[in-house]
Each structure stands twice: as structure tokens, then as C-alpha cells.
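Beneath this line is the structure, given in C-alpha cells, with notes to follow.
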Amino acid sequence: MKYDFAAIESKWQTYWDEHRTFHVENDFTKPKYYALVEFPYPSGDGLHVGHPRPYTAMDIVARKRRMQGYNVLFPMGWDAFGLPTENYAIKNKIHPAIVTERNVNRFRSQLKMLGMSFDWQREVNTTDPNYFKWTQWIFLKLFNAGLAYKKEMNVNWCTQCKVVLANEEVVNGTCERCHGEVIHKVKNQWMLKITDYAQKLLDDLDSVDYFEKIKTAQVNWIGRSTGAEVTFKTTLGDELLIYTTRPDTLFGATYMVISPEHPLIDTWSDKLGNMDEIRAYQAEAARKSDFDRTEMNKDKTGVKLDGVMAVNPVNGREIPIFISDYVLMGYGTGAIMAVPAHDTRDWEFAKKFNLPIIEVVKGGEDVQKEAFTDCATGVLTNSDFLDGLSVEDAKVKIKGWITEKGIGREKVNFKLRDWVFSRQRYWGEPIPVVYCEKCGWVGLPESELPLTLPDVESYMPTDNGESPLSTLESFINTTCPKCGGAAKRETDTMPQWAGSSWYFLRYTDPTNDKELASKEALKYWLPVDWYNGGMEHTTLHLLYSRFWHKFLYDEGIVSCKEPYAKRTSHGMILGKDPQNPGKFCKMSKSLHNVVNPDEVVRDFGADTMRLYEMFVGDFEKAAPWQEEGIKGVKRFLERVWGMSENLKDGDEYSDALRSAMHKTIKKVSENIESLKFNTAIAAMMALLNDADNAGGFNRAEFRTLLILLNPFAPHIASELFEKLYGEMVHEQKWAEYDEALCADSTVELAVQVNGKVKARFNAPVDSDSETLISIALELPEVQKATDGKTIIKKIAVPNKLVNIVVK
RNA sequence: GCGGGUAUGGUGAAACUGGCAGACACGUUGGAUUUAGGUUCCAAUGCCGUGAGGCGUGCAGGUUCAAGUCCUGUUACCCGCACCA
């Protein structure tokens, strides 16, 4: 009989659907396993071949865990708020909810078509009011805890999307999504105080099993540094507070720089002689987009403030103050002391403005030619009481000194900024607060949740930067829940990252209308045992959701500090690069190199597609999509099918294949755990080759093969298992192996002379070194190679090789 | 600039604590079956050389009986962050 993948796959997909095979109950008596993949944004384009790679990988893990006896939660849902849907809706004049539903249906059917073992009874959708009721509820918790606040601030504004972006969403000064120009705009925005959790987000990385590169990226993004804050008096009688990580270089400060947005400038405005010039520079800096600012970063610019000087507290010297956009208002205090001798940026600035460069740490080259920034080897000089100390010792001493004198203190700073949480868009969760003239910002009571989106005529984003909801009087005008007076609703919506910051909690109890999920369900299922997702979310979704989870932990909602026990990531699937034949690059519509999974499944089948995606290369690395490679795995499945028709009798493994069977079980079992799916598949292929050489499989051996194959290619495995053994393969126990039986009775050893292989021989396993050496020395090839030479050394590595060293 | 990563046949790639480099595939070549083949099967396939033999894991050194793997230096490419004081 022919391997009719189309008929087999639709048969089993229907079976799994009708029997709810992969539905899991909250059965608290069983050991649980929570496997999670990132839920997709259901775009209008449907799945592309990149999606199934992580999904198949975790599907393999989930299917294996079920066979190992775990109660497995492997859910799927839709991160469905977002700009593309809204844009599509605007263009085609369809409500975004309808577009979303259509896209979700397409995605769901495509995932079913790939044989993913998701529990479809637990599907969640971030745009469902029953879901976002709890997103809003969490926001109110944050608001009531003082972690959500509204602030007038300079934000990133995408000129194309006409929306505010979080720092994490700005890539190379452009919009992460549309690559449009990002400029700065001063707007009143909702902010979340993720910075309050900076230290915890950093510390608790020690307690989780993430890929090291993921941890490193988060550590760098959080960007903790220790230094000191120091107060400089000014000649106008007030004070200037700066932050430095090099307080040891205080004696080398020859000027100060403050950010163009620094508030002291306004304070000083009528006393400065060159206000026109300063105002012009401020305007210039404000107008620059992030992109321009990065472009310009080689050439330092700035303006000296005319009429004010700072006084260096360690030596009383008066030094000038500049404004320059290389100092950022958002970090530290927005002001620095400049030590050109020991900071590259300060050095460049000093050279340009002809400022003195004083060496205070010796050990480098001439500081007039290059800044000396090495902290490890330097020794203090020209620094009075610090002279002769190492940089580390000097830091300690000066910190003590400034604390004692009351002019400064030790200070920790983070690069992490608070999370800009407002978006001027229609298709997002409404922020459930109102503004009352009397009471200020007031959160809605829980009874008024969910606050749903009103129907509007136009979802168009506006050029003035206001939300499309802002023109809708019926939505805006409401009463204050506190005083009952007139109040206005917030018209901005939440960013897309809101719904995805807690979705893994909702899966544990997706239909609960009393709580976001029951305490018992949360306690049972969390933390997620294994979460796989893209590296691109490391400093976005992954960080945001850790923050929310930690907050919910502090509120007593969840009972573990970290949401994910283990986090891994996958590489991208690359397409052919049309510009460089033989090279590969990101798939994109504009390059016409996108591969559609529907066609692959139609032409080769879902099992082949799954196997190919796993066989293509190292799961963690980017992998090129090469149509030719699909044939190899298709052939493998055809061979499995063909061999099923010629099985020998046998209730146990044959002598010929026993060790091969045990070795393969071990290899496949271990490889799944370490994400080495490619070599797991290779091991099964090699087993087929072994079986061919042994004259085919017997029934016992083939049964095991199907169990190993089931997570990878579940349709063919289910079909053959039912046909041959009359049972369901997914109900079988995972195969076991015996370490002792993995070994063959004899092994081939290589014999080297001076490290070059000259001969080979077979010997019983674990033969001792003396025996091996004496056999090796008798071999004719070895005699020839050692003839007339002196043997200096004989090394034998049991079961591997013998090396004879001669002179 | 800082951080992370990669470099192995014609191609995708394997190689656990240093121990036979190239598993498993793709492709190619030859052969068989077939009216036919985007079928199946068999054989060969790292490079140079007719051969014995030599050379081979980006490059240059080093340690070792033995190095893709360890050490020093160096180049190229990819990804992230980027004036964070």
C-alpha cells in the first residue's frame, strides 16, 4: 500500500479533534508539565514557515512528556491586538474584530493542519473582553499600587504609525515594526514603574534556567552600574548634582556637561549671557530624531553656558558648564562631571572645545593623545590624598570622603527606563481610568470591567497624536467613580505587550469569570516548565512579563517569583537571498522569498514538514530553507511505511538490533531534552539503515521505533501503530533503554603510529590496555611503520585507540 | 565602542569530559529494475596524486603521545545594545 499522507493526516487530525485527545484537566493529583510557545499575532498573511519551527519543537516535548506520564498543559492563543489588523480594517472598512476573527480562524486551521497537539479548549484571545477584563484588572492593581502614573514626557513617536513607542520598540532610531522615522515628542503618557523591579529582575535571573545569552541580554538591558552622586556648587549660588561611575577621577574634572533638557537652564535663564544660542541648541536637540542623534554621535556638539561656573568640591577650582546632547536627561541626573583624560566621550568633547586634559590616573599612554580608561591597572596621581592608590581603592576612599563631607553618596543606577504604556490607537485595551477635576485620575471599580471599546466610525490614527477615541464624546464623558461628578475617560489604549504579559496565567483557568485564574490552578501549573520563544522578545515581552509576574507575586496573586523555569530560543528560518545566489537571508515579502507552509503540507505532508523543520540544522541557529532537503525526510517516512509491510515476528528485540535499539532510544530521548532534534532524527534514520542490514525490523523493534517517531511525525506513527498493534500510539509509555545493553560486544579500535592511523582491529569491549597494545604491535601495518625505529611510548585508550610513539 | 555568536566537503550539517574529522541527509557519478520517471535498489563520493603516499576543521603560533575541541595572537561575517557618564 502506498503512503497516502493526505488521507492519514486528515484522518488523525479529525480523530484528535473529536476525541479532544490533547485536552488536559486541572487534575491536581498528577505530576504536571507546562510547555509553552509564544502565541502568535494572527496577521492577515497566515502562518509562514518560521512559525512551525518552535511550535513543532515544543510539540515534540509535549507529546513526549504525555507518554512519560505527565499531565501536560500545552496551550495556544492569539495576541490579537495590534496595528496591522487595525490598518487592514481601516483600509478595507471592516471592523478590526471581524478581521481578527477571520485571521484567527485561518491560523487555527493551519496549526491543526500541522498536527500540533495544543489543547484547543484552553484557547485565549487578548481581544476578547472576557480576557482583557483581567488585563485591565491588572492595570488597576498597578495603578492602585502606585506603579502606573501619568507623566508629561519626551517620548518616542513613530511618524508613520502615528503612535508612541516604548524604548524597547525603537530599533536603530526607527520603529521596530514599520521602520518609520522615530522623533521625540513631549506627551502626557501612562507609565509603568518597571524600574522599581530592576534589582529583582536582575537578581532572580540566578534562579532560572535560561539560555546564557538570554540572561546576558537582560542583564545588559537592565544595565546596573554603581558609582556616586556628587554635588557641585555653582557660582550662581545653587547646586548641580551629577552621577559618575568614576568618582576616583574627581580631581581630573575640568568641565561639566548638562543635558539640553536640564531644568537648571530655565532657572538660570536671565543670568546667562548667551541664552539665544542655548535656546537654539535646545531646539535643535529636541528636533533631532533618535536616528539623527546616533548618526551624529561621532561629532560632539555643545554650547558653553556664559555666566555660570561650577566649583569642583575636592579642590575648589572653578570649571565651565556646557550643554551637549551627549548627556541624556533620562539617565543618572542628566548632568556629568567631565574627565577628558579618562573618558573617551569627554576626551573628544575636550579636544573639540579646547578644554584642559588633566591626567589623574597614570599607567596609560599620553592622555593628550588618547583617553586612558582602564580601571584595572591604573594608579592615581595629581589627586592629593588619593595619590598612589589603585582605581578600586581610590573609589572606596573618595566615596567615604564625599559622604563624610556631605557632598555626595554612593549610588546605583540602571539603564532600564520606565515603560511607556500609552498608545494612541483604537485596537487595544482601553485604559480603565477617568480624570476628574476634583479627584484627579481615578481607577474604575472592578464591577465596571471590562471597559470595552466603543463602536466608532473611524479608527484612523490622528496627526495631532491623540487617540481615535478622543473625538468620541459618548465614550469620553462619564462620571467619577469616587465623587460622582463629571469626569472624562482616558482615551489612549494599552500597548500590544499588555495582553501578552500574563497570558500564560490565563491558560491555567481560561474561562474563570471571578478571578484571572483560580489560586489552585495557578499554584498547580506554575511556573511554566519550559518556554521557548524568539530572541527578539528578550528585552520586550520576556522582561515585561517577568515584571508583571513579580508584581502579581507581591500582590499575592501568584505563588512563585518567576513565571518561567526554563527559557530557550530558536533560530530563524532563512530564505534564498535573491541578490546573492547561494546565500540566505531573512524571508520577507518584498524579497519574494517567503515559503508558504500550506503548499509544503499539500505537496509533502505535515509529518514531512515537521520532520524537515527539525532536521534542517541546529535548532538554536538560523537555518536556510532548502526545498531539496525535504526529499530526504520524505524518503525516510516512505521507508518507514515500506518497512512496516515486511515485519518479522518477535516479542523482543533481536540479537542483531538489540544494542542499536537501546542506543537509539537513549539518543532520541536525550536529544529531545537538549533541543538536538536534528541528531535525534539522524539516529532514527541510522536505525533504519541498521535494520536494513539486519534484514528488517521485527514487530517489537518496529513498535519502539513508532513510539520514538510519534512526537516528530505523529500522523504516520498513529496510523501504523493502530494498524499493526491495534492501539493508540499516544497512549503508549515512552520507550526505555538499558545503559548496559547500549554497548556492542566488540568494538573497532584504531592503531596510530605517531598519531597517524595505520591500522584497525576488533577487540572485545573493555579489553585492557596491555592486551590492546600487544595485539596492535603484531599487526603487519604497524610492524612496517615501526620497523627499524625505537618505540618510546605506548598509549592505549580502551574502546578507542592505540597510539605507538616511535623515533 | 560594548556584549553575544559563527567559521568544518559541492550543499545542509555531525563529532560526549582532548582520542579514528565529515554521522545523518542533499547533490553528483556509475550500475540495476522500469515503456517512462521528481520511482525504487546497489556502489562510489573531503582534497591532491595513476600509485605508494601526502594534505585537510577561517589564518599564524603554542601545549600534548594525540587538538575542530585547550592556550596566545589574528581575520572575516552575523546578531543584539549603543553618547548609560
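Basis for what follows: all heavy atoms, side chains included, without hydrogens, waters or symmetry-related copies. We name chains A, B, ... by the order of the sequence lines, and we start the count at 1 in each one.
Checking A85(B), C26(B), A15(B) against every side-chain atom of I336(A), the shortest atom distance belongs to A85(B). Counting only heavy atoms from C-beta on, W221(A) has its side chain closest to A82(B) among A82(B), A15(B), C65(B). If you check A85(B), A25(B), G3(B) against the side chain of Y243(A), the one that comes closest is A85(B). Comparing A23(B), C24(B), A85(B) by their closest approach to the side chain of A686(A) singles out C24(B).
Within the 4.0 angstrom heavy-atom criterion, no nucleotide atom of any strand lies near N413(A). Within the nucleic acid shown, N754(A) has no heavy atom closer than 4.0 Å to any nucleic acid atom. At a threshold of 4.0 angstrom between heavy atoms, the contacts of R224(A) with the nucleic acid are absent. D618(A) comes within contact range of the sugar-phosphate backbone alone, with a heavy-atom separation under 4.0 Å but no base atom that close. No engagement by E638(A) is indicated, since no non-hydrogen atom pair under 4.0 Å with the nucleic acid exists. Among the heavy atoms of the strands, none lies under 4.0 Å from K666(A).
With a 6.0 Å radius and a threshold of 12 heavy atoms from other residues, nucleotides or ligands, K351(A) has its NZ atom above the threshold. Within 6.0 Å of NZ on K369(A) lie no more than 12 heavy atoms contributed by other residues, nucleotides or ligands.
Taking the P atom of each, G18(B) and C70(B) are spaced 9 Å apart, rounded to whole Å. When the C1' atom is used for both C26(B) and A76(B), the distance is 27 Å, rounded to whole Å. Taking the C1' atom of each, C47(B) and U72(B) are spaced 30 Å apart, rounded to whole Å. Using atom C1' as the reference point in both G9(B) and A25(B), the two lie 14 Å apart (nearest Å). Comparing U57(B) with U8(B), their C1' atoms are spaced 4 Å from each other, to the whole Å. Nucleotides G30(B) and A21(B) place their C1' atoms 27 Å apart, quoted to the nearest Å. One C1' atom belongs to U69(B), the other to U6(B), and the distance between them is 15 Å to the nearest Å. Between the P atoms of G38(B) and U28(B), the separation comes to 12 Å (whole Å).
Ring centers of F353(A) and Y255(A): at least 6.0 Å apart, outside the cut-off.
Between Y331(A) and F414(A), the closest side-chain pair of non-hydrogen atoms is not below 4.5 Å. Two residues are said to be in side-chain contact when any heavy atoms from C-beta on lie closer than 4.5 Å; T790(A) and V806(A) fail this criterion. Counting heavy atoms from C-beta on, the side chains of R610(A) and P52(A) never come closer than 4.5 Å.
G58(B) takes the anti form, because its glycosidic angle lies more than 90° either side of 0.
Applying the 4.0 Å criterion to OP1 and OP2 of A85(B), one finds that S225(A) has a side-chain N or O inside that range. Side-chain N/O atoms of R639(A) include none lying less than 4.0 angstrom from OP1 or OP2 on U40(B). Put simply, K667(A) has no side-chain N or O that comes within less than 4.0 Å of OP1 or OP2 on A14(B).
Legend: residues meeting ring-ring contact (aromatic ring centres under 6.0 Å, His included) with F677(A), ordered by chain and number and at least two apart, are F619(A). Partners of F584(A) by ring-ring contact (aromatic ring centres under 6.0 Å, His included), not counting sequence neighbours: none found.
A side-chain contact (heavy atoms from CB on, under 4.5 Å) with L611(A) is found for exactly one of I681(A), T56(A), I716(A), I630(A), namely I681(A).
The stretch residues 245-252 of chain A comes close to RNA chain B through T245(A), R246(A), each having a heavy atom under 4.0 Å from the strand. A heavy-atom distance below 4.0 Å to RNA chain B is reached by these residues of residues 794-803 of chain A, ordered by number: I795(A), V797(A), K800(A), L801(A), N803(A).
When only modelled atom types and interatomic distance are considered, Y737(A) and T664(A) share no side-chain donor-acceptor pair under 3.5 Å. T195(A) and D418(A) form a side-chain donor-acceptor contact under 3.5 Å, judged by distance and modelled atom types alone. Using modelled atom types, one finds no donor on one side chain facing an acceptor on the other under 3.5 Å when comparing E620(A) with H570(A). Between D618(A) and N678(A), the side chains place no donor N or O within less than 3.5 Å of an acceptor N or O (distance only, hydrogens not considered). Counting only N and O atoms by type, the side chains of T568(A) and N532(A) include a donor and acceptor under 3.5 Å apart.
When each of A622(A) and K631(A) is assigned the nucleotide of RNA chain B bearing its nearest heavy atom, the one mapping closer to the 5' terminus is A622(A).
Ring planes of F349(A) and Y326(A): tilted class, angle from 30 to 60°.
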*Pairing of RNA chain B as dot-bracket, 5' to 3': ( ) intra-strand, [ ] crossing, | other strand, . unpaired, with Watson-Crick or G-U pairs under 3.5 Å?*
(((((((..(((......[....)))((((((.......))))))(((....)))..(((((..]....))))))))))))....
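Between N220(A) atom CG and C79(B) atom C1' there is a gap of 13 Å when expressed in whole angstrom units. Rounding to whole angstrom units, CD1 of residue I773(A) and P of C65(B) are separated by 15 Å.
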_Protein-to-nucleotide contact annotation, 5' to 3' order, nucleotides 4-12 of chain B [B base; S sugar-phosphate only; - none; under 4.0 Å, heavy atom]_ = S-S----SB
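A salt bridge is absent between E781(A) and K758(A): the closest approach of a Lys/Arg side-chain nitrogen to an acidic carboxylate oxygen does not fall below 4.0 angstrom.
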